[in-house]
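Throughout, protein chains are lettered first and strands after them, A, B, ... in sequence-line order, and every chain is numbered starting at 1.
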Number of protein chains: 2
Amino acid sequence: MNNLSSAEKKATLESITIDCVIFGFKAGNLEVLLVRHGEGISKDKWGLPGGWIYKTESTDDAANRLLLELTGIKDIYLEQLRAFSDPDRFPLSRVITIGYYALIKEEDYDLKAGATAAEVAWFKVSQVKDLIYDHAQILEIGLKRLRRRIKQEPIGFNLLPQKFTLLQLMHLYEEILGKEMDKPNFRRKILKMNLLTPLNEKEKDVSHRAAKLYQFNPETYQQLLEKGFNFEF
Amino acid sequence: MNNLSSAEKKATLESITIDCVIFGFKAGNLEVLLVRHGEGISKDKWGLPGGWIYKTESTDDAANRLLLELTGIKDIYLEQLRAFSDPDRFPLSRVITIGYYALIKEEDYDLKAGATAAEVAWFKVSQVKDLIYDHAQILEIGLKRLRRRIKQEPIGFNLLPQKFTLLQLMHLYEEILGKEMDKPNFRRKILKMNLLTPLNEKEKDVSHRAAKLYQFNPETYQQLLEKGFNFEF
DNA sequence: TTCCTTATAGTTTATTTGACTACAAGTATA
DNA sequence: TATACTTGTAGTCAAATAAACTATAAGGAA
């Protein structure tokens, strides 16, 4: 499938689209990235970033391209959620959409609404409402996946700044899993995993005892990934 | 999307198909259901049961229909794996396929090759080779999912006969996870979960001490599902 | 200096694992 | 009939883990 003209390359598949659930974390809140559409039947309504797939690209590539085009975000790890295929999910025709999701540090990316998007913004997950089509369902499945995943893989670190305190990390878990935890126990368990590298630095500008800062250690992460582990706190 | 003629109902989507990975378990071996195609470009080659999706049905419905048409198996719980979207996966045109998987008791179903299938049969997973298109990859992903799932949900019971011994169950785990286990410890752990109902029956026609038979208890299963659990043995 | 908040260390008890040993209940065979 | 053999089932024990706490340290703020 090479040697195609530019127009041919941009030919899209008819009945399949992509939609992305992008999670971020700020000020103790789990957030999701939404776009207000600038054209089409969903004009001026908020929904997940997504769109049509070129005939020449994989869905993984399509997800990355669409996200860049719509929001300015690029080079992130998008994982497939699943296909959403209710025959009536899209009002104009029969369209199956493939959901993707990702976790990113909000601070690392500048949002920039692309050509077909009127606006891009982060919304607290707990306050999202009135999404187009079945996007609420896709978000819900994304959230479920995130909750399951965070208990089995240390993916939470993708949501925090480079340097963070143990309490920030614990709050992230509390927010995502929706339950309170015990500080000393959390400390002990997470430190024993050797997943965090302590830094010779402390928090600044806090009105109480400053906590030590830590960094995520990608090497131990790889080892843990292979032998499997349990993050149930 | 109602009030359509029969021909309209059978119109299919152009670039999407379904493929099913159906696992069974017999004589200590994990098996997978394959069909030898009777027509099309994959005629006479073995592959996963699958096919085209009607415009009026969800992918879940399509998976069930196709499985029935091709193999005679119906009313089973099929779970979606994910979409497979390599632009070159299908030689004739750009087609994305959505994988499904299921676990069934082989004894409960009679195989019957449908109109477009020349033959249907169970194959030991360890001995499968030369599947059409990217079906080997789909099978592999299905197997990975099975291994992950069986550690977190008591799905293994779908593969055993109604009444089974603890050793049979342990062998199932050993086969799927590919590692040996300790009998007494396995007993203790699985029994404590209250997931099995002991029967007043024993094995028959065995040339050694007969083991007690157990049954799966769907009620406790529901409870366990909700609060989550860990089947790591 | 005292109070308040958060960080961090440590204790205690119950529970869970993993690696074993021991014995029971059958069948096969000598 | 006795003995060996195979598999089932019960129990032991030490080590690791988890959950619920208590206690103390380190700051800033009043």
Side-chain angles (χ1 to χ4, degrees), chain A residues 27-28 150-152 154 160-161 163-175 177-215 220 223-224 227-233, chain B residues 27-28 150-152 154 160-161 163-175 177-215 220 223-224 227-233:
Chain A
I150 206 174
K151 287 197 238 174
Q152 283 152 16
L160 291 173
K163 302 169 182 182
F164 51 86
T165 69
L166 293 188
L167 198 61
Q168 278 178 298
L169 181 59
M170 188 178 101
H171 284 330
L172 172 67
Y173 272 83
E174 288 184 328
E175 163 78 0
L177 298 179
K179 68 174 181 186
E180 300 212 332
M181 297 173 174
D182 177 274
K183 267 195 288 180
N185 290 342
F186 183 89
R187 277 184 85 70
R188 186 156 18 111
K189 186 157 182 181
I190 195 97
L191 286 179
K192 187 143 63 117
M193 291 183 182
N194 267 327
L195 197 65
L196 302 183
T197 310
L199 301 172
N200 280 328
E201 271 182 88
K202 294 192 171 184
E203 274 182 304
K204 279 173 187 163
D205 303 318
V206 286
S207 68
H208 54 77
R209 173 177 175 183
K212 186 187 268 265
L213 289 170
Y214 290 82
Q215 224 175 7
T220 343
Q223 291 165 20
L224 279 181
K227 83 185 221 340
F229 49 86
N230 186 7
F231 257 61
E232 200 87 50
F233 284 96
Chain B
I150 206 174
K151 287 197 236 173
Q152 284 152 16
L160 291 174
K163 302 169 181 181
F164 51 86
T165 70
L166 293 188
L167 200 61
Q168 278 179 298
L169 181 59
M170 190 177 100
H171 285 330
L172 172 67
Y173 272 83
E174 288 183 329
E175 163 79 0
L177 297 178
K179 68 174 181 185
E180 301 213 329
M181 297 174 172
D182 178 274
K183 267 195 289 180
N185 290 343
F186 183 90
R187 279 183 85 70
R188 185 162 23 114
K189 187 156 183 182
I190 196 96
L191 286 178
K192 187 145 63 118
M193 293 182 180
N194 267 326
L195 197 66
L196 303 182
T197 310
L199 301 172
N200 281 327
E201 269 182 89
K202 294 193 172 185
E203 274 182 303
K204 279 172 189 163
D205 303 318
V206 285
S207 69
H208 54 79
R209 174 177 174 184
K212 187 186 267 262
L213 289 170
Y214 290 82
Q215 225 175 7
T220 345
Q223 292 166 19
L224 279 180
K227 85 186 220 340
F229 48 86
N230 185 7
F231 258 61
E232 200 87 49
F233 284 98

**Q.** pair B:Leu177-B:Lys151: side-chain heavy atoms closer than 4.5 Å
**A.** yes
Q) Is the backbone N or O of A:Leu172 less than 3.5 Å from a side-chain atom of A:Glu175, with the two atoms forming a donor-acceptor pair by type? A) no
For nucleotides 16-20 of chain D, give me every protein contact, N/O to N/O, under 3.5 Å, one pair per line with atom names.
| from | atom 1 | to | atom 2 | distance (Å) |
| --- | --- | --- | --- | --- |
| D:dT17 | OP2 | A:Lys192 | NZ | 3.1 |
| D:dA18 | OP1 | A:Lys189 | NZ | 3.4 |
| D:dA20 | N7 | A:Asn185 | ND2 | 2.9 |
| D:dA20 | N6 | A:Asn185 | OD1 | 3.3 |
| D:dA20 | N6 | A:Arg188 | NH2 | 3.3 |

Q. For the pair made of CG in A:Leu167 and C1' in D:dA26, what is the distance, rounded to whole Å?
A. 15 Å
Q. Is there a donor-acceptor contact under 3.5 Å linking the side chains of A:Glu174 and A:His171?
A. yes
Q. Taking only residues two or more places apart in sequence or in another chain, which ones pass side-chain contact (heavy atoms from CB on, under 4.5 Å) with A:Pro198?
A. A:Lys212, A:Tyr214
Q) Can you give the first and last nucleotides of DNA chain C, 5' to 3', that have an atom under 4.0 Å from a heavy atom of chain B? A) C:dT16 to C:dA28
Nucleotide N/O of nucleotides 27-30 of chain D paired with protein N/O under 3.5 Å:
none

Q) If you round to the nearest 0.5 Å, how far is CD1 of B:Ile190 from CG of B:Leu196? A) 5.0 Å
Q. Can you tell me how far P of D:dA25 sits from NZ of A:Lys183, to the nearest Å?
A. 16 Å
Q.
Could you tell me how far apart B:Met170 (CE) and D:dT9 (P) are, to the nearest whole angstrom?
A. 12 Å
**Q.** CA sep, side-chain torsions, deciding dist, call: B:Thr220, B:Thr197, side-chain contact (heavy atoms from CB on, under 4.5 Å)
**A.** CA-CA 10 Å; B:Thr220 345; B:Thr197 310; over 6 Å; no
**Q.** salt bridge (Lys or Arg N to Asp or Glu O under 4.0 Å) partners of residues 185-196 of chain B, not counting sequence neighbours, each pair once
**A.** none
Q) Under the salt bridge (Lys or Arg N to Asp or Glu O under 4.0 Å) rule, what pairs show up with a residue in residues 196-211 of chain B, not counting sequence neighbours? A) B:Lys163-B:Glu201
Q: Using atom CG of B:Leu169 as one end and atom P of D:dG8 as the other, report the distance to the nearest whole Å.
A: 13 Å
